[in-house]
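Within every chain, numbering begins at 1; the chains are lettered A, B, ... in the order of the sequence lines, protein sequences first and strands thereafter.
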Amino acid sequence: MEVIQIVSIGIVATVLVVLLRQSNRNEFALLVSLITGIVIFTIILDKIEYVVETLNNLSRNTNIEFTYFSTILKIIGIAYIVEFGAQISRDAGENAIASKIELGGKVIIMVLAMPILLALMNLIIKILP
Amino acid sequence: MKIVEFLRNWVKDIAIIFVLVSIIEIVVPNNNLKKYVNMVIGFLIIIAIISPFVNLINENYSFDKEVFKEIVNGIEVQNDSNLNLTSMQEKQIKDVYMEKVKEDIKNEISESSDYEVKNIYISIYEDEENYGNIKEIELILEDDIKEKEQQDTINVIKIEEIKMRSTQLDTMELEEFEEDEEVKNIISEKYNVSKENIRVFLNTEGEGEVDG
């Protein structure tokens, strides 16, 4: 049922945005698309939580440090949020701001990836005789 | 068993990691951030593959050591329970060896001289350096009676002194045997024993019978 909710919300929002754009109300069109995104995200939040929980349980069965796996989940979340923001900026015609948002996302992903990188380097150095 | 456990954990880790990674690959949004996520996932996979071996190295664990430890343990256990058995085995080996040497000397002498060997007593060195070398040989000989009957001659043997051998030999009359050089030479050449350590006696009982 969530699928129908999400699709219908999306279609209604699209129609609204098109109408608003035709009546030269671009600022409202932007707000509508923003709110639509947030609403859809709220609907799927439960499902995402379930999926992430399952993945966490799976990864706890391994001997690999759990922090590495949660780092990857964080990175995926960051990728989604950055994409969300960047697309809204692009919709508003602000390509420069969109690419700045993406730059920020990339930098933060790299920062999160650094511990994994360091751990990997440590491993390689340790395993050398 | 530790090796099997190790391999089992390792393969399990790799399998789970790849399942997770394939799920994550689907979830990742299709924009230009995907390659960064892929890079981090690649790191994670490499860590999953390498890290068990690093643990092994840190614990100074090696397959060889483990295997040899098992073997040595087994041997030690065996030794503990079979200490008596080991000394018994040594004694048996010594007995067999001496038996072989006696057999050899008997054959040698009966082939190359007129006498037949009735009894041999051998003592061997038991120290580390020349273990198994012959220390002393005592031979008790008899005239080869068959040969004598065929030839119909009587060997005259000088009798210098009569020694009564103690213990097990005391039932026999034995003479220190003068024409023993031949026999001594044979033995000392073959077994590398100095002549002083070879004593040859002649059993006179046989002679008496021939005389009578």
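- Only the side chain of A:Ile109 comes within contact range of chain B, with at least one heavy atom under 4.5 Å from a heavy atom of that chain.
- Within 6.0 Å of atom OH in B:Tyr97, more than 12 heavy atoms from other residues, nucleotides or ligands are found, so the atom counts as buried in its surroundings.
- Heavy-atom distances place no part of B:Ile14 under 4.5 Å from chain A, backbone and side chain included.
- For A:Glu27, the CD atom sits in a packed shell: over 12 heavy atoms of surrounding residues, nucleotides or ligands are nearer than 6.0 Å.
- Interface residue B:Ile47: backbone and side-chain heavy atoms are both found under 4.5 Å from chain A.
- The greatest number of non-hydrogen atom pairs below 4.5 Å with chain A, out of B:Ile17, B:Ile24, B:Asn9, is found for B:Ile24.
- Interatomic distance, CD1 of A:Ile116 versus CD1 of B:Ile46, reported as 11.5 Å (0.5 Å rounding).
- Crowding of B:Lys102 atom NZ: a count of heavy atoms from other residues, nucleotides or ligands under 6.0 Å exceeding 12.
- Taken from CD1 in B:Ile41 to CZ in A:Phe69, the straight-line distance is 9.0 Å, to the nearest 0.5 Å.
- In plain terms, the two heavy atoms of B:Leu33 and A:Glu102 that are nearest each other are CD2-O, 4.3 Å.
- Put simply, of B:Ile16, B:Ile23, B:Leu20, the one with the most heavy-atom pairs under 4.5 Å next to chain A is B:Leu20.
- Around CD of B:Glu25, the count of heavy atoms belonging to other residues, nucleotides or ligands within 6.0 Å exceeds 12.
- Considering only heavy atoms from C-beta on, A:Met110 comes within 4.5 Å of B:Met39 through its side chain.
- Your options are A:Leu55, A:Val51, A:Asn122, and the one with the most heavy-atom pairs under 4.5 Å with chain B is A:Leu55.
- Within a 6.0 Å radius of CZ in A:Arg25, no more than 12 heavy atoms belonging to other residues, nucleotides or ligands are found.
- When every heavy atom of A:Leu117 is checked against every heavy atom of B:Phe43, the shortest pair comes out as CD1-CZ, 3.0 Å.
- Put simply, OG1 on A:Thr71 and CG on B:Leu44 are 9.0 Å apart, with the number rounded to the nearest 0.5 Å.
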